Amino acid sequence: MFLEVEDLTKRFGGVVAVSGVSFKIQKGEIVGILGPNGSGKTTLLSLLAGLLAPTSGRVLWQGRDISGFKPDAIAAAGIVKTFQNPQLFAELSVHDNVMIASHLALKRLLGSRRLGTFFCAKGADRELQIRAERVLELCRLTAVVDKPATNLSYGEEKMLGVAMAMMCEPKLLLLDEPASGLGHEEVVHLGLVLRDLREHGTTLCIIDHKVAFLADFAHRLIALQNGMKIAEGHPKDVLSDPTVITAYLGRHHA
C-alpha cells in the first residue's frame with residue numbers, strides 16, 4: 001500500500017481536531033477530502049506532512065511508520081504539502097522561486113555530493129534547469145517565467161506554489177485548498193494541471209471547499225465532520241450520503 005492512515009488522532013488540549021481517522025491511498029489515485037469548516041481537513045494534511053505530530057495513531061508510508069517524523073524528512077521521503085496561501089519570494093521571478101525550491105530534488109540527485117553545486121558541480125545545474133522547465137510547463141507558467149512573483153494573479157500564485165512543491169519531486173502531493181479564491185476559468189485550468197500531474201506519476205490528495213471541483217476528477221472522496229470520517233467512496237456515492245448532506249446543509253435537507 002502506498003499510504004495507510006490508521007486511527008489517526010490529534011488533540012489540542014481538550015479539543016479533538018482529528019479523531020480516529022483511517023484510510024488508504026493507492027499509487028496513482030486522486031483522493032479528495034471534504035468537510036465543513038472545522039471538520040479537521042487541514043489538520044489531517046498537516047499530520048500527514050509532519051507539520052503536526054499525532055496524539056495517537058499511525059501514518060505508514062510505503063510500509064514504513066513515519067508518524068511524528070519532521071516535515072523535511074517526510075518531504076524527502078516523497079510526501080510534500082502545499083499551502084492555501086503560497087509562501088513565495090515576492091521580489092524574485094517565477095523561475096527563481098522554482099529553482100529555490102529545488103533543494104530536495106538536488107539532495108536526491110547528488111546526495112552528499114550536492115555540496116559540490118556551490119562550486120559548480122558539472123551537470124547538476126543543467127539537470128535542475130531541465131527539471132524546472134518541465135515543471136513550469138506542466139503548471140502552465142512558461143508565459144510568466146520572468147515575471148516577479150509579486151506581479152502574478154492569485155491563480156498564478158497558486159500554480160507557482162504547486163510548481164515549487166513539484167520541484168521537491170513528490171510521490172504524493174498534498175494540496176490544501178488549491179481552488180480557494182479562484183474564478184471559474186482558473187478552477188478549470190487548475191483541474192487540467194492536476195490531471196497532468198497525475199499522468200506524470202504524482203499521486204494527489206486534495207482538500208477543498210469546492211465540492212463540485214473535487215467530484216469532477218477525484219477517484220475517491222473522504223468526508224470529515226468534527227474530526228471524524230463520516231463517508232468514503234466514489235464521489236457520487238459520498239455526495240448522496242445523507243450524513244454528508246446533513247453535515248453541509250442541515251438535517252432537513254437529508
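None of these values were measured; they are calculated from a predicted model. Position 1 is the first residue of the sequence; numbering continues from there.
- A continuous path of hydrophobic side-chain contacts links Val135 to Val193 [ILVMFWY only; heavy atoms under 4.5 Å].
- Taking every heavy atom of both residues into account, Met164 and Ala101 meet most closely at O-CB, 3.4 Å.
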Can Glu232 and Asp241 be said to form a side-chain contact (heavy atoms from CB on, under 4.5 Å), step by step? CA-CA 10 Å; Glu232 179 179 359; Asp241 188 305; over 6 Å; no
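- Distance NZ/Lys10 to CG/Leu44: 12.5 Å, rounded to 0.5 Å.
- Under the 4.5 Å side-chain heavy-atom criterion for grouping Ile, Leu, Val, Met, Phe, Trp and Tyr, Phe213 is connected to Tyr154 within one hydrophobic cluster.
- Between Val21 and Phe23, the closest side-chain pair of non-hydrogen atoms falls below 4.5 Å.
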Take Leu173 and Ile79, measure what side-chain contact (heavy atoms from CB on, under 4.5 Å) needs, and give me the verdict at the end. CA-CA 6 Å; Leu173 181 59; Ile79 302 176; over 6 Å; no
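- Using a 4.5 Å heavy-atom threshold, the side chains of Ile207 and Thr42 count as touching.
- In this structure, Asp216 pairs ionically with Arg195, as a charged nitrogen and a carboxylate oxygen lie closer than 4.0 Å.
- Note on Glu169 versus Arg131: salt bridge recorded, some NZ/NE/NH1/NH2 to OD/OE distance being below 4.0 Å.
- Between the CG atom of Leu160 and the CD atom of Gln87 there is a distance of 11.5 Å, given to the nearest 0.5 Å.
- For an aromatic pair to be called close, the ring centres must be under 6.0 Å apart, and Trp61 with Phe69 fails this.
- Closest heavy-atom contact between Thr82 and Asp176: OG1-N, 3.4 Å.
- Of all heavy-atom pairs between Gly20 and Thr9, the closest is N-OG1, 2.9 Å.
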>> Would Leu174 and Val80 count as a side-chain contact (heavy atoms from CB on, under 4.5 Å) here? Give the steps.
In response: CA-CA 6 Å; Leu174 309 174; Val80 177; over 6 Å; no
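- With hydrogens and angles disregarded, no donor-acceptor distance shorter than 3.5 Å links the side chain of His189 to the backbone of Glu185.
- Exactly one residue among Val18, Leu48, Leu47 makes a side-chain contact (heavy atoms from CB on, under 4.5 Å) with Pro54. That residue is Leu47.
- Taking every heavy atom of both residues into account, Cys205 and Leu45 meet most closely at SG-CD1, 4.2 Å.
- Between the side chain of Asn97 and the backbone N or O of Ser93 there is at least one donor-acceptor pair closer than 3.5 Å.
- Ile66 and Leu8 end up in the same hydrophobic cluster when Ile, Leu, Val, Met, Phe, Trp and Tyr side chains are linked at under 4.5 Å.
- Paired with Val94 under the rule side-chain contact (heavy atoms from CB on, under 4.5 Å), one option of Leu136, Thr142, Asn151 passes, and it is Leu136.
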Fill in: Lys41 vs Asp208, salt bridge (charged side-chain N to carboxylate O under 4.0 Å, His left out): CA-CA, chis, key distance, verdict
CA-CA 9 Å; Lys41 303 185 299 298; Asp208 211 284; over 6 Å; no
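- Considering Gln129, Glu133, Lys147 as possible partners of His95, the one that fulfils the side chain to side chain donor-acceptor pair (under 3.5 Å) test is Gln129.
- Under a 3.5 Å cut-off, the side chain of Lys229 and the backbone N or O of Ser22 do form a donor-acceptor pair.
- The shortest distance between side-chain heavy atoms of His219 and Pro235 does not fall below 4.5 Å.
- The main-chain N or O of Glu177 is found under 3.5 Å from a side-chain atom of Lys158 such that the two form a donor-acceptor pair.
- When every heavy atom of Ala163 is checked against every heavy atom of Leu141, the shortest pair comes out as CB-CD1, 4.0 Å.
- Proximity of Ile30 to Phe217: side-chain heavy atoms (C-beta onward) are separated by under 4.5 Å at one or more points.
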Given side-chain contact (heavy atoms from CB on, under 4.5 Å), test Tyr248 with Leu34 step by step and report yes or no.
CA-CA 10 Å; Tyr248 270 97; Leu34 69 153; 3.5 Å; yes
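- Using a 4.5 Å heavy-atom cutoff, the side chains of Leu3 and Val59 are in contact.
- Side chain of Ser19 to backbone of Val16: no donor-acceptor contact under 3.5 angstrom is found.
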